[in-house]
Amino acid sequence: MNTKYTRSILISVLILVVIGTVMVYSSTALMSMREHGSGFNFLWKHLYTVCIGTAVMLFLSRTDYRKYRSVVYVLLGVSFVLLILVFVPGVGISANGARRWLRLWPTTFQPSELVKVVMVIFLADYMDKNLDRMRDFRYGIAIPAGLMLFFQIIILRQPDFGAVMSLGILTFGLLILGGARLRHIGSLVLLALPAVYMLIMTSSYRSKRLLCFLDPWKDPQGCGFQLVQSFIAFGNGSYWGLGLGGSKQKLYFLPEAHTDFIFSLIGEELGLVGAMFVIAVFVWLFLKGFQVSMRTSDPFSYFLTLGMTMLIGVQAIINIAVSTGLMPTKGLPLPFISYGGSALLINMAAAGILMNIAKNGDVASVHSPDPLYVKGANRGALQRAGRAHSWSHRLR
Amino acid sequence: MINNKKRRGKTERAETRKLWDENPVKIPLQKSRKRAVVLVTVILFCFAAIFLRLINLMVVDHDKLSQRAAQQYIKEKVLTPQRGVIWDRRMRELATNIETDSLFAVPTQIKDTRTLSSEIGPIIKVSTREIDGILSKKKKKAFAWLARRMDLDTSRKLSQLKERFNEGEIGFVKEPKRCYPKGEIASHILGFSNIDDHGIAGLELVYNDYLKGEVESVTVGVDAHGRSLARDIKEAMPGNNIILTIDEGLQYIVERELSAAMEQWHAKAVTAIMMDPMTGEILALANRPTYDPNYPAASGPEYKRNRAITDIYEPGSTMKSILACAALEEKVVSLRNMFDVSKGTITVGGKTIHDVHKHEILSFQEVIQKSSNVGAVKIGQRLGAEKYYKYIKKFGFGDKTGIDFPGEVKGIARNVKSWSGTSLAAMSIGQEIGMTPLQMLRAYSAIANGGSLMKPYILSDIISPSGKAIKKVVPVVERRVISRATSDKMKEILKTVVEEGGTAEQASIRGNLVAGKTGTAQIFDPKIGRYSREKFASSFVGFVPADNPRIALIVVVFEPKGATYGGVVAAPVFKNIIEHTFAYLDVPMEKDENRIVLVSTAE
C-alpha cells in the first residue's frame, strides 16, 4: 500500500485537531478569563495534550501494529487495573458526581477511553484466531460479549454511561463483522432491552434525561436547557455562522460548550458551512479507514482497521447526534475536537495505529511468506481449519 | 532503484493476493466484507441524517431559534440613580451616598431552601421563617430581594458564605445607599429617605423630586447568569444637588449646646433656630431629642419631630416686644411714658395678673427691660385689642412662615372678634396665643433688620449634576411691619434687657451688643384644663450685634426642671451659642470681661 492513505489520515486528523484547538480557545477564553484570570488557561492545557497526542500518533504510526497481538492480554490487564484504580481514593479523582479520572501529573487520565482501544485490539486478535468459530454462540458471542460486559459493569460504577454505550456499539459492530450470527446478536439485544429499560427507569435521573430528550421545549429552563441552548446555537449560526469568536451561547448559555457540545459552537460560529466541513472531514477519514481495511492482507489487520475506524466514526456520530437532539444526552466527546485530554490522546493513538496499518497492512509479512502465519498468532485457527478441511498440507 | 522497489512491491502484492485467495478463512471474511459494506452504508446514512437535521436546525428553524436567542441575550436593567448630595452653605456634605451590597436570591435555582435560610438568616438578621416565606412566595421567580443596602460588615460576612452555595443561587448587586456622614447633625433639617431612596421626611421629602434623579431602564447584553457584558454601562442620571443656607459649623455649635442644656435642665425638649435676620436664611436649626437619620427606624416619632416649626408654644414675655413695637408704631406711647406698677398686680375681667418682682414706677423702656406683666397689660390696654391684633397678624403670627419644610403649623392667633375680656391682657404678656419658635424668631428678625418681615428659607441653590444652576433662592421681603424708627427704638430697649437692671456691665464683644428678650410661659395642660404650675416653656430670643444684626437666635427649653425663668434656663444657652458662633465666624474677642453677659432679668 502506498503512503496515500497514511497521508490522508494524517491530514484529516490534523485538520480536526486544529479546528478543535481553535474552537476550544474560542469557547473557553471568556470563561477562563473570569475564573482563572487568563484567557489561555484551557488553551495551554489543550495544546499540551495536542503535543503529546501528536507525538504518540507519530510514534505509533511507525510502530508495527502486529506487535500489539503479543501484548493484548497485558493491555487488557493494564486497562482493568487502571479502571479499578479510579475507585481508589487519592489516585482517582471525582468531579460532577463521577469518578472517572486518574491523577496523572500534570493532567488527568480517563481509563475508560483506553478500554475502548484495547477492546478493539483484543477483538481483532480474538476474531482472527477464532474466525472459523465465530458462528458458534460460545466463541462468537458469549466470550467477547462477556468480557465487554465485565468492563461495562466496572465503567457503569463510575458512572460513565457514554463510554458504556460506545463500548457496546463497538463490540457488537465488530462481532457482526467477525461473522457472529445476527440471530444470536438479535436475541441478545432483545434480552438486554428489559435490562436497559430497568436501568433507565429505576434511575429518575436517567428517565428524566430521556423525557427531556423527547421534548426539550417542555422545560427549556430546566432539564431541556442544554438541548434547547444547543438548538439555539445551531439556529443562530445559519449558513455562514456568527464568525469565529462571535458565539453568544458560550457566555454560559450552552453548558459544556468546550467538551460535549463543542459541535454546537462550531455550528454557531462557523455556520452550516463549517459544521458540514467538519462532518465531511469525519466522513472522509472514515472512508479512508474503510478503504485501508479493504486492502489489508490478514483478518487481524482487517478487523483492527475497521475497529479503529468505527471507534472514531461512532463516537463522532454519537456526539453530533446528541448535540442536534437525535440521541439522548450522553457525555461523549467529539473525537479530535473536544477539550479533554484522555479522549484526544486515545483517539490520536488510534489514528496513529490506523496510519501504520495503512502503511504496511497490505504487506503480509516481511519475515514470513505466509500472511496467516504472523508470529504464530494464527496458528490455532489454521490448525483447526486444517483439521476440518484437511488443508494441513497447505501449511508450509 | 525506484523501479526496483516498485517492482518488488508489485510482486509482493501479487503474492499476497494469491495467498489470501488460498486462505482457508476466505469464506467467512468474504461474508464479513459484505457486512462491512452494509455497516459503512449504515454509518453514512447516520451522517446523512445528521446533515438533514443540521439543515432543519440551521436553515428551517433559523428564524424561530435566532429570535429566541435574541431574547435571552438581553435584559431590561433598571439603573438606580444616585440621589443628589445635600451640602451646607460652604459645600460640606450633609447627605451623600455610599456604595453598598444588596443581597438577592434566585428562587428557581435554589435547591435547599432550609439550609440557605438558616445560614443567611442570622447574618442579615431576618428570621429563618421569614426568608422561607419570601422564597416560597417567589418560588417561580428568578429574583427576590433578601437584604437591601447592607452595611459593610454584613456583606463581608455574606461574601465569605457565598462560596458555599451553588453558582447563581444568591448574588449581590451594588446599590447606592443614602448616608448622613455627620450623624445626628442637622437630622431634623435633612430628614431621611427610605430603602427605595425615596425621601420621607425633612428636606429629603420636600425636595425629593429634585434629589431622586431619573430611574432609567436600559437594555443590556447579558450572559446566562444575567451578568452584564458591557464594561461601561451608562450610569443613571443622578439627582440634583442641593445647597442649604445651613452652616455646618454653626449647626454643630447649636446642636452641642442644646445637648448640654437638655442634660442640665432635664427638659422635655429643646429647640433653637439661628437665622440671618437680614435675609431670612436659616443658619442652624436643631431640636432635642434627636435621632440619627442613618438609622431612622431606631427612634420613635417623638425624636424625629422638628419642634422648631411643628410645635406651638405660648411665648410669654418675649411677646411683650411685639406689643411694644405695636405701641410705638401706633404712637400710643413714647419712651418717656411712665407706668405705675407699684401694686404688683392688675385685675382684668376678674382675673389677676401678678408681677414676679415688685417695682415702683417704670418707664415704657423699663417695662420691657424688667418684663413687668402689670406694665405690659397697661400698655396693651392703652393700645387696644384691634390695633394689637393688627400687629399680631402683621408680624405673621397665625400664618405659616412659608419655610420650605414639611409639617409647618400656623400657630393660634384668634381673631379679635372672638377675644374674651381677659384676652387682651393675656396676650399682652404672651399667653392665649400660640406660635412656633420660627414665627417668633422671624418677628424678632423684623425688629432687627429695620422692620421687614422676611420669608425664612433653608434651601439656597439647586444645582444639576453637571453644575448648572436650576434654582437659586433669593431673600423675600414679605412686608414692612414697623418703621425703621420703631425698629431702632426697639433695639435700644432690647439692648437694655441684657444689662443688669439697665446699669450692669455691657454684654458686648467689641461693641457687639446683644439685644434680646427672655420669656417664661406657663404651658396649658389639656389634662387639667388650665395652665400648669410646673410646666413652663423658657425661652430667649435675640440678635447680635444689636446695631448691625447678623445673627438672630431663639432658644426654647420646654419643661425644664429645677428652674423655669428664660433668663436662667435659655439665656445661658443663647450666650454660649453666640460666643462660639463669634469664635467660629472669627469675630475677634477682646478681654475676658468683655464677654457677653446674659443675666436673669425679672419676668
Side-chain angles (χ1 to χ4, degrees), chain A residues 30 131-132 134-135 173 176-179 221 228-229 231-239 248-249 251-254 267 271-272 275-276 279 282-283 286-287 290 293-294 297-299 302 306 310 313-314 317 320-321 324-326 362-364 369-372 381-382 385-386 388-389 391 394, chain B residues 6 9 12-13 15-17 19-20 22-25 27-29 31-40 42-44 46-73 108-109 142 167-168 221-227 229:
Chain A
L30 200 97
L131 203 53
D132 54 332
M134 284 304 285
R135 285 174 64 79
I176 290 171
L177 290 173
Q221 288 303 315
V228 164
Q229 293 303 329
F231 292 167
I232 287 175
F234 281 118
N236 222 11
S238 198
Y239 288 105
K248 285 182 173 168
Q249 288 297 94
L251 302 167
Y252 300 96
F253 287 104
L254 181 62
L272 184 63
M276 285 319 298
I279 289 178
F282 272 115
V283 171
F286 181 77
L287 290 178
F290 180 65
S293 80
M294 287 295 151
S297 58
D298 59 303
Y302 168 74
L306 281 179
M310 268 172 58
V314 164
I317 286 176
I320 297 173
T324 50
L326 293 172
D362 58 343
V363 181
D370 184 354
L372 305 177
L382 278 181
H389 303 285
W391 282 353
R394 294 203 178 204
Chain B
K6 222 175 188 176
E12 260 178 29
R13 199 178 297 166
E15 202 174 318
T16 307
R17 185 162 293 279
L19 287 168
W20 183 243
E22 292 168 355
N23 190 344
V25 292
I27 298 148
L29 268 188
K31 197 173 178 185
S32 170
R33 286 183 181 214
K34 276 183 205 152
R35 285 188 177 182
V37 171
V38 172
L39 196 87
V40 166
V42 167
I43 283 182
L44 288 179
C46 288
F47 278 118
I50 286 169
F51 173 68
L52 290 177
R53 176 65 177 159
L54 283 178
I55 300 268
N56 179 26
L57 278 175
M58 302 178 79
V59 179
V60 180
D61 284 351
H62 166 70
D63 287 342
K64 190 185 97 185
L65 289 170
S66 59
Q67 220 167 33
R68 205 180 155 93
Q71 276 169 16
Q72 70 181 11
Y73 298 148
T108 51
Q109 297 287 315
E167 174 88 12
V222 290
D223 68 11
H225 301 322
R227 286 182 290 211
L229 298 176

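The figures that follow rest on heavy atoms only: side chains count, while hydrogens, waters and symmetry mates do not. Note that the structure is a prediction, hence the values are computed from the model and not measured.
In this structure, chain B has heavy atoms under 4.5 Å from both the backbone and the side chain of I232(A). L287(A) touches chain B through its side chain: at least one heavy atom from C-beta onward sits under 4.5 Å away, while N, CA, C and O do not. Proximity to chain B is absent for every atom of M134(A), based on heavy atoms less than 4.5 angstrom apart.
Closest approach of S66(B) to N236(A), counting heavy atoms only: CB-OD1, 3.1 Å. Taking each heavy atom of H62(B) and G235(A) in turn, the nearest pair found is ND1-O, 2.5 Å. Nearest heavy atom pair, residue M58(B) against residue L272(A), reads CE-N, 3.2 Å. Closest approach of A36(B) and L306(A) over heavy atoms only: CB-CD1, 4.0 Å. Scanning all heavy atoms of the two residues, the minimum distance from I317(A) to C46(B) falls at CD1-CB, 3.6 Å. Here the closest heavy-atom approach between residue Q72(B) and residue Q249(A) is recorded as NE2-OE1, 2.9 Å.
In this structure, R53(B) contributes its side chain and A321(A) its backbone to no donor-acceptor pair below 3.5 Å.
Between the CZ atom of F234(A) and the CG atom of N56(B) there is a distance of 11.5 Å, given to the nearest 0.5 Å. Here Y302(A) contributes atom OH and R33(B) contributes atom CZ; the two are 6.0 Å apart, rounded to the nearest 0.5 Å.
The residue among I320(A), L326(A), V228(A) with the most heavy atom pairs within less than 4.5 Å of chain B is L326(A). Here V40(B) is the residue among D61(B), L39(B), V40(B), V38(B) with the most heavy-atom pairs under 4.5 Å with chain A. In terms of heavy-atom pairs under 4.5 Å with chain B, the best-connected choice from K248(A), M310(A), R135(A) is K248(A). Each of G237(A), G173(A), S238(A) has some count of heavy-atom pairs under 4.5 Å with chain B, and the biggest count is that of S238(A).
Considering only heavy atoms from C-beta on, F47(B) comes within 4.5 Å of I279(A) through its side chain.
Listed by chain and number, the residues in a side-chain contact (heavy atoms from CB on, under 4.5 Å) with F51(B) are M276(A), I55(B) (sequence neighbours excluded). The side-chain contact (heavy atoms from CB on, under 4.5 Å) search around V37(B) returns F290(A), T41(B), not counting sequence neighbours.
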